[in-house]
Amino acid sequence: MSDPSSINGGVVVAMVGKDCVAIACDLRLGSQSLGVANNFEKIFHYGHVFLGLSGLATDVTTLSEVFRYKTNLYKLKEERHIEPETFTQLVSSTLYEKRFGPYFTGPVVAGINSKTGKPYIAGFDLIGCIDEAKDFVVSGTASDQLFGMCESLYEPGLEPEDLFETISQALLNAVDRDAISGWGAAVYIITKDKVVKRYLKTRQD
Amino acid sequence: MDIILGIRVKDSVILASSKAVTRGISVLKADDDKTRVLSDHTLMSFTGEPGDSVQFAEYIQANIQLYSIRENCELSPHAASSFIRQELAKSIRSRKPFQVNVLVGGYDTRKESPHLYQIDYLGTKVDLPYAAHGYAGFYTFSLLDHHYRPDMNTSEALKLLKMCIEELERRMPMDFKGVLVKVVDKDGVREIEDF
Amino acid sequence: MASTVASEYSNEVKNVPIEHQFNPYSDNGGTILGIAGEDFAVIAGDTRNTTDYSINSRYQPKVFDCGDNILFSANGFSADGDALVKRFQNSLKWYHFDHNDKKLSLKSAARNIQHLLYGKRFFPYYVHTIIAGLDEEGKGAVFSFDPVGSYERSQCIAGGAGASIIMPFLDNQVDFKNQYVPGSHGTERRKAQYLTVDEVIKLVRDAFTSATERHIHVGDGLEILIATKDGVRTEYFPLKRD
């Protein structure tokens, strides 16, 4: 358990629906078996692009700040917000820059392209290999459990409210089978012109 | 293992740190101060590798003081904690990382609110109502979970802290020579004599 | 005992002990799951047997009807699994010889298996064991064991390579975990209720298609053994073979 990516625990999951995407995370931050904080959110946003970061907490914070810096510069140069597809490439190259001394995180990108209106999600490994999925992406210490839940609950073309229920059930039941994930959850439902954020009531053990 | 505890309440933050300095089987000092004042309203307590901890704490103290001299403006507790986190996050990927864990307690004079941050040697920073490093948390978090209320005043918090210290004295295998207690509020940092 | 190790350079004489290390265990993948209904119980298992990235067999059943309405499966290292099944079947046979063909109850079978497993506490059978059948009241029952014999009765359990993928799905769909009555704003849990055989088979098939999709050691075929008061019935469904 000295594996850097499972010291703090935590998960992130994203799903695509009909003209919408959802991204969710748990709120636990621990030190091995000891729960330290139940307010550690793992989802950040840069304009209309959402980024989930599971893994080593110090790298989660560092990367969220690196991407804030880089997207701010992008906005100054381009005079517009970065799009999900472009941001995905930015994440990939930023992670690969540290190929031989990586950040121990499992990033997940979710958003809707403001020009085309196309929902978009992508996942990465710790050195930036892109996984451009059309259904769902999972990451974190309960990724096996999340794969099982998503693979069985997910169906394409869900409306926002149904997508919310699906991603919430997937997350909740997955983290309940992982000792170092849970302690609260946050879910974002993203549509073209609205973002709804909800906190879920979860088991506290 | 050293004890450092912190409790944030309605209008103050309390930091408590053990007074013992130990090396192997000996207690070398019984009145140590494991805290440094970073600015008028920000206090940091620290534990870790003996050489690293004081070196790191005073490096942080010096740099934050230098900032306030240059910019003629006090760094908020949040800003100070972000600076400390950044230094530790840089350090962990260096040739010889600082093995230091810290608590930052401060009173934000602009927002008129107290803040408590826990930062470990990896650069993991969290904003908490009460915090500890090392083994102290295993003994005291159950008490704090049970009795803590966010609207407590300073004297109620000191009573709760007393319970925690008594529990530690009862259950810890080592004599840590009591604790040094400091309070940070709108009037700055002050020590609680004969706690 | 030190001896000379051959070297590319004739003048380089090394004198180190040659180490021999035999690993008595391997992992043959596969996954199993057991669900208890009101008057029936099932154990399902995939029929793929692997070592590393090779498929040894696409149809190697690992769920057995041991007689006395007891379903048995030991997943993990298949040689140990087979040995354990054989030992249990033998134990059951002797129970019948010694006690005038008396039927072995499921809870006694469970206790017996604990002793078989714990008997090898310091060279364990490398398996996750599940048994299922009907209890003394005729209600469906499932027992699951760790490799050294610690066991518990449960309503449903998954074991083997795909357990972590399947188990949260079972919590959600069999025990209705995290499900609440609509309109109750999360104050009233959805009541537990027994599932029918058909519903259970549907869930088992969903669970295994999901596990097959995401786990390389799970696939080829799904064999479900169903124990009711009328005996044991077997159903087979193909799974993806990639």
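Each chain gets a letter, A, B and so on, in the order its sequence line appears, and its residues count up from 1.
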For [X], look at atom [atom1] and say whether over 12 heavy atoms of other residues, nucleotides or ligands are found less than 6.0 Å away.
{"X": "C/R153", "atom1": "CZ", "result": "yes"}
{"X": "A/K201", "atom1": "NZ", "result": "no"}
{"X": "C/R205", "atom1": "CZ", "result": "no"}

Among [options], single out the residue with the greatest number of heavy-atom pairs under 4.5 Å to chain A.
{"options": "C/A163, C/A207, C/P168", "answer": "C/P168"}
{"options": "C/G186, C/G162, C/S210", "answer": "C/S210"}
{"options": "C/I166, C/D206, C/D171", "answer": "C/D171"}

Pick one: which of C/N75, C/L33, C/I43, C/L71 meets side chain to side chain contact (heavy atoms under 4.5 Å, CB included) with C/I130? C/I43
Assess the pair C/F77 and C/Y126: is the distance between their ring centroids shorter than 6.0 Å? no
Using non-hydrogen atoms only, which part of A/L153 is less than 4.5 Å away from chain C: side chain, backbone, both, or neither? side chain
Could you look at A/Q145 and say if it's the side chain, the backbone, both or neither that has a heavy atom under 4.5 Å from chain C? both
Do you know which of A/S168, A/S143, A/G148, A/A142 has the most heavy-atom pairs under 4.5 Å to chain C? A/G148
Among A/L172, A/D178, A/D176, the residue with the most heavy-atom pairs under 4.5 Å to chain C is A/L172
Given C/V200 and C/I226, is the side-chain contact (heavy atoms from CB on, under 4.5 Å) satisfied, shown in steps? CA-CA 10 Å; C/V200 165; C/I226 305 136; over 6 Å; no
